[in-house]
Protein chains: 2
Amino acid sequence: MYDVAERSGVSIATVSRVYRTPDSVRAQTRERVLEAARQLGYVPSGNARGLASRTTGVLGLCFPDMADPDAEADAEADSDADDAVMLYSDQIIRGMERAARRHGYALLIAASMEDGPESVVAKVAGRVDGFAVLARTVPTEDLEVISRRLPVVMIAGPREIDHLDHIVVANADGERELARHLIEDHGLRRLAFVGGEVESPDAEARFLGFRQACRDAGLPVPDAPDLRAEMMTQAEGARAAEALLDRAGERPEGMLFANDQMAVGALRALERRGVRVPEDIAVTGFDGIPLSRIVQPPLTTVRQPIRRLGEQAVELLVQRLGNSGAEPVSLMLPVSLIRRASCGCG
Amino acid sequence: MYDVAERSGVSIATVSRVYRTPDSVRAQTRERVLEAARQLGYVPSGNARGLASRTTGVLGLCFPDMADPDAEADAEADSDADDAVMLYSDQIIRGMERAARRHGYALLIAASMEDGPESVVAKVAGRVDGFAVLARTVPTEDLEVISRRLPVVMIAGPREIDHLDHIVVANADGERELARHLIEDHGLRRLAFVGGEVESPDAEARFLGFRQACRDAGLPVPDAPDLRAEMMTQAEGARAAEALLDRAGERPEGMLFANDQMAVGALRALERRGVRVPEDIAVTGFDGIPLSRIVQPPLTTVRQPIRRLGEQAVELLVQRLGNSGAEPVSLMLPVSLIRRASCGCG
DNA sequence: ATCTAGGGTGAATGCGCTTTCAGAAGAGGG
DNA sequence: CCCTCTTCTGAAAGCGCATTCACCCTAGAT
């Protein structure tokens with residue numbers, strides 16, 4: 001910059017103005033400066049600019065190293081799918097990128113890994129005006145510290161820190177609506193719910209929705225899922241389905257899985273056992289992954305607006321950057337029931 | 001940082017060392033500093049660090065605003081596909097992110113848009129240690145200037161600037177192999193090639209491959225594609241297919257399209273016309289997009305390793321950051337022929 | 001010809017951190 | 001008890017830019 005200033009016969013202040021507030025510089029001077037910059041191959045330092053102006057024009061995203069183990073597993077099984085199917089994190093990224101672009105921000109993305117002290121977050125946090133975090137990516141205490149200095153929004157996670165903005169999808173509402181549909185529209189009564197690990201807030205919320213539907217319909221309200229899967233993968237889903245079949249007592253009329261992966265696994269297990277879906281038993285999932293459309297029968301499920309999650313995160317960040325004093329916001333994005341053949345529809 | 005230093009009774013130099021070279025500080029002192037940092041909610045400024053150390057730990061990617069108009073169009077037609085299908089840019093991002101992560105870098109992404117002077121590139125270029133550019137994203141002259149200051153790798157574009165590293169896929173080889181397959185294995189002779197706009201280096205390279213195959217087989221070598229599509233979309237592909245059918249003279253035995261989108265459009269047009277594929281005519285595409293697997297008949301095509309493009313880009317950047325004096329590298333990634341029903345295979 | 005605005009420009013300061021370069025504080029050795 | 005050798009730590013000088021604040025010049029007004 002000093003070179004540019006010297007070469008064009010002005011001070012560095014003027015060079016700075018040429019880039020920041022072009023109108024405040026006489027056109028002729030401006031041209032001289034730009035020409036000099038071109039000749040010298042001048043590239044303004046974002047770092048210096050950021051330091052001086054205390055703002056970066058960049059938003060960030062931290063996501064878990066293994067954002068979607070199921071999809072990874074799928075990918076290995078079918079290398080075609082690998083290139084075709086978007087992971088959860090891909091969709092978030094796409095959503096955030098679009099929204100950030102609209103607001104004139106660039107997006108810095110980094111997957112968490114164990115590193116030195118503070119690790120990834122530190123890297124991101126120090127270089128952005130604000131950032132989003134996917135659930136269970138960053139230690140709560142780190143977030144606590146960082147969120148005191150800049151806007152942070154938690155995506156799809158519990159509200160561990162009360163002054164954080166956060167966004168979730170309507171897991172409970174979706175599952176409730178799904179169960180209601182099975183009960184009221186298809187007349188099913190004996191429903192089994194297959195949940196996930198206790199620490200998964202999503203899976204738990206979905207189970208809660210299931211309970212509500214049972215209560216609403218006057219059916220017995222279970223205290224806990226009929227089964228819990230550790231990994232929520234297809235393999236676990238298949239195992240769960242078989243376990244439910246082999247259980248003493250009457251066979252359930254419907255199996256609700258906490259996610260699509262498990263439901264798909266169940267579909268395959270049931271087929272092996274010669275159990276017809278949906279004639280003998282209804283099966284449902286949650287998420288609306290691409291695979292749910294392709295399996296036979298197509299899976300009734302609940303679609304999450306994952307991309308909108310990312311978009312909304314950016315909106316919240318931008319809002320907070322404009323008005324840091326506002327009350328913490330807590331958004332819940334609506335989901336939509338997708339009725340397909342696996343429950344008896346279509 | 002000054003506050004942390006004061007609170008823990010050391011100088012800022014020591015605080016800096018705690019983060020940069022923890023081992024050079026006595027354990028006891030280190031703990032005191034970290035504790036103070038925690039209490040104060042200290043977040044190191046990436047900008048300042050970058051300024052002082054002249055390195056950011058971030059790699060960048062600039063991609064076109066409309067990375068893939070075809071996919072966009074698809075998405076509108078089928079909102080399901082929108083969430084499911086990865087765009088070209090999504091795959092590049094995924095590849096780069098993975099590779100960057102391995103090397104300890106974060107990734108800054110920004111789509112180009114018309115803005116002030118220098119626009120997006122300036123934003124990215126000033127904040128990264130090096131970056132990748134998708135073809136036709138950044139004006140050549142800007143690239144020329146920037147690439148004098150930091151490593152830049154051009155992805156899937158022509159080598160406009162000779163000192164730039166660049167990566168392309170083996171477009172010509174792939175198309176050549178594809179055409180060879182049609183000619184030798186299926187015994188076809190009258191082949192028509194539908195290309196893209198002249199400015200599309202990919203489409204041109206593919207046509208070149210087609211010519212080579214013709215030459216190899218002793219068939220007449222065309223000077224130009226039988227047709228050129230402006231947009232390379234399904235609609236254009238359909239139109240092209242019909243135009244070829246309606247042409248005077250013998251009907252071609254095979255139609256080779258410069259990408260899958262057009263081929264898919266052609267498939268549909270041919271079906272409407274009652275022309276059977278592959279019995280009456282063979283059809284092929286290029287890219288290996290997800291859709292190519294699903295259409296009827298499944299499309300014979302050439303798959304590009306898009307994700308690897310991103311990974312390789314990062315590898316090149318990292319290499320050059322380690323050794324900036326090296327000769328410019330020019331990589332060509334191999335592609336793979338996918339034989340499906342539309343050419344008569346399977 | 002003198003005065004008054006204002007637009008243009010320059011000097012100087014500081015953003016928060018890294019990095020020599022020295023100096024201080026212990027640790028042994030003589 | 002003094003001297004030398006390590007370890008640690010502090011002082012200070014930037015890194016490249018944004019931003020007052022003050023100043024200068026040119027018009028238009030008087």
Side-chain angles (χ1 to χ4, degrees), chain A residues 1-34 36-37 40-58 116-118 122-129 146 149-150, chain B residues 1-34 36-37 40-58 116-118 122-129 145-146 148-150:
Chain A
M1 181 159 173
Y2 288 84
D3 299 339
V4 174
E6 187 173 0
R7 186 179 190 108
S8 51
V10 299
S11 74
I12 62 164
T14 299
V15 177
S16 175
R17 277 189 275 263
V18 166
Y19 287 92
R20 301 262 61 72
T21 54
D23 293 338
S24 72
V25 177
R26 207 193 316 166
Q28 176 192 338
T29 312
R30 195 191 319 147
E31 266 319 308
R32 254 197 359 251
V33 170
L34 286 176
L40 266 48
Y42 168 65
V43 178
S45 153
N47 283 325
R49 163 134 76 230
L51 224 209
S53 67
R54 241 164 295 276
T55 157
T56 66
V58 178
E118 311 245 339
K123 265 189 113 157
V124 173
R127 314 195 143 284
V128 300
D129 290 338
I146 294 170
R149 309 304 256 224
L150 45 72
Chain B
M1 182 157 173
Y2 288 84
D3 299 339
V4 174
E6 186 172 1
R7 186 177 190 111
S8 51
V10 300
S11 74
I12 61 165
T14 299
V15 176
S16 174
R17 276 189 277 262
V18 167
Y19 287 93
R20 302 263 61 73
T21 53
D23 293 338
S24 72
V25 176
R26 205 193 317 166
Q28 174 193 340
T29 313
R30 195 191 319 147
E31 266 319 309
R32 258 201 349 257
V33 171
L34 286 176
L40 267 47
Y42 168 64
V43 179
S45 154
N47 284 325
R49 163 131 79 227
L51 223 209
S53 67
R54 245 168 293 277
T55 156
T56 66
V58 178
E118 311 245 339
K123 264 188 113 158
V124 173
R127 324 196 75 81
V128 300
D129 290 338
V145 169
I146 294 172
R148 301 216 295 264
R149 309 304 257 221
L150 46 73

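Keep in mind that the numbers below use all heavy atoms, side chains included, and drop hydrogens, waters and symmetry copies. The sequence lines fix the lettering, A, B, ..., with proteins before strands; numbering per chain opens at 1.
Atom-to-atom, CZ of B/Arg49 to C1' of C/dC17 comes out at 8 Å; the value is rounded to the nearest Å. Nucleotide C/dC17 holds its C1' atom 11 Å from the CZ atom of A/Arg127, rounded to whole Å. Rounded to an integer number of Å, the gap from OH of B/Tyr19 to P of D/dT9 is 15 Å. One can place CE of B/Met1 at 14 Å from C1' of D/dA12, the figure rounded to the nearest angstrom. One can place CG of B/Asn47 at 13 Å from P of D/dC17, the figure rounded to the nearest angstrom. Nucleotide C/dG16 holds its C1' atom 16 Å from the CD atom of B/Glu6, rounded to whole Å. Distance CG (A/Leu51) to C1' (D/dT19): 14 Å, rounded to an integer number of Å.
Rotation axes derived from the C1' atoms of the five outermost pairs at either end of the helix from C/dA1-D/dT30 to C/dG30-D/dC1 lie 40° apart, to the nearest 10°.
Distances shorter than 4.0 Å separate some side-chain N or O of B/Arg20 from OP1 or OP2 on C/dT18. Listed pair A/Arg54 / C/dC15 fails the phosphate criterion, with no side-chain N or O lying under 4.0 Å from OP1 or OP2. In terms of phosphate contacts, B/Ser16 brings a side-chain nitrogen or oxygen within less than 4.0 Å of OP1 or OP2 of C/dT18.
Side chain of B/Ser45 to main chain of B/Ala48: a donor-acceptor pair is present (N/O by atom type, distance under 3.5 Å, no hydrogens or angles). In this structure, B/Arg32 contributes its side chain and B/Ser8 its backbone to a donor-acceptor pair below 3.5 Å. Of the possible donor and acceptor atoms, none in the side chain of B/Arg17 sits under 3.5 Å from a partner among the backbone N and O of B/Ser24. In this structure, A/Arg127 contributes its side chain and B/Gly46 its backbone to a donor-acceptor pair below 3.5 Å.
The distance from atom OG of B/Ser11 to atom CE of B/Met1, rounded to the nearest 0.5 Å, is 8.0 Å. Here the CZ atom belonging to B/Arg49 is positioned 11.0 Å from the CG atom belonging to A/Asn47, to the nearest 0.5 angstrom. One finds the OG1 atom of A/Thr56 at 11.5 Å from the CG atom of A/Leu51 (value rounded to the nearest 0.5 Å).
Residue B/Tyr2 places a side-chain atom within donor-acceptor reach of the base of C/dC17, judged by atom type and a 3.5 Å distance cut-off alone.
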>> For nucleotides 6-12 of chain C, give me one character per nucleotide, 5' to 3': B if any protein heavy atom sits under 4.0 Å from the base, S if the only such contacts are to the sugar-phosphate, - if neither.
In response: --SBBB-
> Run the side-chain contact (heavy atoms from CB on, under 4.5 Å) check on A/Tyr42 and A/Leu34 step by step: do they pass?
Replying inline: CA-CA 9 Å; A/Tyr42 168 65; A/Leu34 286 176; over 6 Å; no
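A search for side chain to side chain donor-acceptor pair (under 3.5 Å) contacts involving A/Thr55 returns A/Asp129, not counting sequence neighbours.
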